[in-house]
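Data first, discussion second: the structure below is written as structure tokens.
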Protein chains: 2
Amino acid sequence: MKSTEDKLNHVMVEFYEKLSSWEQAVVKDKGYSLPLVHTVEILGGHGPMRMKELAEKIGVTTGTLTVQIDKMVNLELVTRKPHESDRRSILVELTSQGHELYEEHDALHLQLTGELTAKFSDEERAQFLNFLQRVNAEF
Amino acid sequence: MKSTEDKLNHVMVEFYEKLSSWEQAVVKDKGYSLPLVHTVEILGGHGPMRMKELAEKIGVTTGTLTVQIDKMVNLELVTRKPHESDRRSILVELTSQGHELYEEHDALHLQLTGELTAKFSDEERAQFLNFLQRVNAEF
DNA sequence: ATAAGTACTTTGATGTTCAAAGTATATTGC
DNA sequence: GCAATATACTTTGAACATCAAAGTACTTAT
């Protein structure tokens, strides 16, 4: 007999994998690359960010990120602006177009969330939210 | 004021992103590529699978998967075996070495799960499990 | 001041991915 | 049962992503 922890582990992985597939399908559909949308998603959620920080969140080297951001600047999705107190650093910021893409993508996520928790009561939704908040806080 | 649905959406995305970073860090540490470990993870969780099915789960074309599986066959992590009823199809199956890698990786996940839910009561863990099962079922 | 450290970019090599065309098998409609 | 169509996988060549290492510019520590 498997423990609750074991089962919890596997449903978490399963959830991760399904979300991952979903994201991939949605992104391909829009004609953007996964790293590009991922970058938009992070910038939209966190606001302007330094290259270093952004690279860590995405999980690539800064070298890789530089070329990624170059492309996104050309597409007018982001701009680089100087960091006010550290002139080595650069802040990457969504343009209004970038923000639009973020909102559009976020709306799809919201729709998915609605579908996934359609059978939840309001109380259950609130509990689920609470659990996820606590889990995220531990990461 | 943001709705519960909105917040739920964002904590779900946050959870996904954190898990994604964690996975990336763990995998790089082991010297395997992300797609390789992802493949092992899926095969370990679901058992032997057809190329088509596996490609869909991972979110790549079958062409990409063929070369991925070629590599993994060379590393002796998986084998190809004929599908019993459809001779066009091929089943990809973990070798004992592949299964070992799966177990090893799964143990890391289990440890993470333990850490993330360390402050949960048994009842809360059970509820969380229930929620995730229901969410996964809707996907 | 000088040295060491940090943030970013550039570059060349390697690895990943795709789309399209190819082969083999299965299914459908006549 | 036979042709036509569909499906499962592989191969190939080109496009893209990624890294490590070296380079530039700035900052911090001694």
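Quick note on labels: first sequence line is chain A, next is B, and so on, each numbered from 1.
Taking a 6.0 Å sphere around OH of Y32(B), one finds it holds 12 or fewer heavy atoms contributed by other residues, nucleotides or ligands.
Ring geometry for F131(B) versus F128(A): interplanar angle over 60°, hence perpendicular rather than tilted (30 to 60°).
A straight line from NZ of K52(B) to P of dT7(D) spans 8 Å, rounded to a whole angstrom. Atom-to-atom, CE of M51(B) to P of dT7(D) comes out at 18 Å; the value is rounded to the nearest Å. Taking atom CG of residue L75(B) and atom P of nucleotide dG15(C), one finds them 12 Å apart after rounding to whole Å. Following rounding to the nearest Å, I69(A) (CD1) and dT10(C) (P) show an atom-to-atom distance of 13 Å. Spacing between atom CD1 of I90(A) and atom P of dT6(C) amounts to 19 Å, rounded to whole angstrom units. Atom CG in D70(A) sits roughly 12 Å away from atom P in dA17(D) (whole-Å rounding). To the nearest angstrom, P of dA17(D) lies 15 Å from CD of Q24(B). Nucleotide dC9(D) holds its C1' atom 13 Å from the NE2 atom of H83(B), rounded to whole Å.
Here E14(B) pairs with N136(A), K18(B) under the side-chain contact (heavy atoms from CB on, under 4.5 Å) rule; sequence neighbours left out.
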Before giving the answer on salt bridge (Lys or Arg N to Asp or Glu O under 4.0 Å), spell out for K119(A) and E124(A) the whole-Å C-alpha distance, their side-chain angles and the decisive distance to 0.1 Å.
CA-CA 9 Å; K119(A) 294 178 184 161; E124(A) 285 174 333; over 6 Å; no
Could you check K57(A) against H38(A) for side chain to side chain contact (heavy atoms under 4.5 Å, CB included), going step by step and ending with a plain yes or no?
CA-CA 10 Å; K57(A) 276 211 188 297; H38(A) 196 186; over 6 Å; no
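For the residue pair E23(A) / H105(A), a side-chain donor-acceptor distance below 3.5 Å is found, with atom types taken as modelled. Of the N and O atoms on the side chains of E53(A) and H46(A), not one donor lies less than 3.5 Å from an acceptor on the other residue.
A pairwise comparison of heavy atoms in E5(A) and T117(B) identifies OE2-OG1, 4.0 Å as the closest pair. Minimum interatomic distance between V27(A) and L34(A) (heavy atoms only, all atoms of both residues): CG1-N, 3.6 Å.
Side-chain nitrogen and oxygen atoms of T62(B) include none within less than 4.0 Å of the OP1 or OP2 phosphate oxygen of dT10(D). Contact annotation: K71(A) does not reach the phosphate of dC16(D) (side-chain N/O to OP1 or OP2, under 4.0 Å). Taking side-chain N and O atoms only, S33(B) has no distance below 4.0 Å to OP1 or OP2 of dG15(C).
Of the candidates dT18(D), dA7(C), dT9(C), dT18(D) carries the atom nearest the Q68(A) side chain, counting heavy atoms from C-beta on. Listed candidates were dA8(D), dT18(D), dT17(C). Nearest to the side chain of P35(A) is dT18(D).
Using a 4.0 Å heavy-atom cutoff across all strands shown, T66(B) reaches at least one base atom of the nucleic acid.
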Read 5' to 3' with Watson-Crick or G-U pairs under 3.5 Å, [ ] for crossing pairs and | for partners on another strand, DNA chain C gives ||||||||||||||||||||||||||||||
Protein-to-nucleotide contact annotation, 5' to 3' order, nucleotides 19-29 of chain C [B base; S sugar-phosphate only; - none; under 4.0 Å, heavy atom]
S----BBS---
